[in-house]
Amino acid sequence: MKGYVDKALCVACGMCVGSCPEGFRLGGDGLAEGYQELPAESVEDAQQAAGDCPVGAITIISQ
Ligand code: SF4
């Protein structure tokens, strides 16, 4: 599983990076991105980040 960020929605608040750094980082454009396969122990944090994102930009996708 991997976090996916809709950059058209992201407002770069950084919340997801803080709550799930294994799943999200800020890219060179300053917007969040999912950057790697989620470690099993981080899936719950990523799902929480998706729920907490103020603009609903995060989706957790299966690969
Ligand atoms: S929580 Fe949402 S708006 Fe904030 S940086 Fe992450 S994806 Fe962007």
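In listed order, ligands and their atoms are each counted from 1. For the single chain, residues carry numbers from 1 onward in sequence order.
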message = For M1, is there any backbone N or O sitting under 3.5 Å from a side-chain donor or acceptor partner on E37?
response = yes
Spatial distance of atom SG (C13) from atom CG (L26) [nearest 0.5 Å] = 9.0 Å
query = Which residue and non-hydrogen atom of the protein lie closest to atom 5 (S) of ligand 1, and at what distance in Å?
reply = G14 N, 3.2 Å
Gap separating the SG atom of C20 from the CD1 atom of I60, nearest 0.5 angstrom = 7.5 Å
query = For the atom pair CD (E22) and CD (Q36), what is the distance rounded to the nearest 0.5 Å?
reply = 7.5 Å
key: L38 backbone acceptor or donor facing S42 side chain under 3.5 Å   = no
query = What distance separates M15 CE from D52 CG, expressed to the nearest 0.5 Å?
reply = 6.0 Å
ask   = By residue and atom, what protein N/O/S atoms are less than 2.8 Å from atom 2 (Fe) of ligand 1?
value = C53 SG
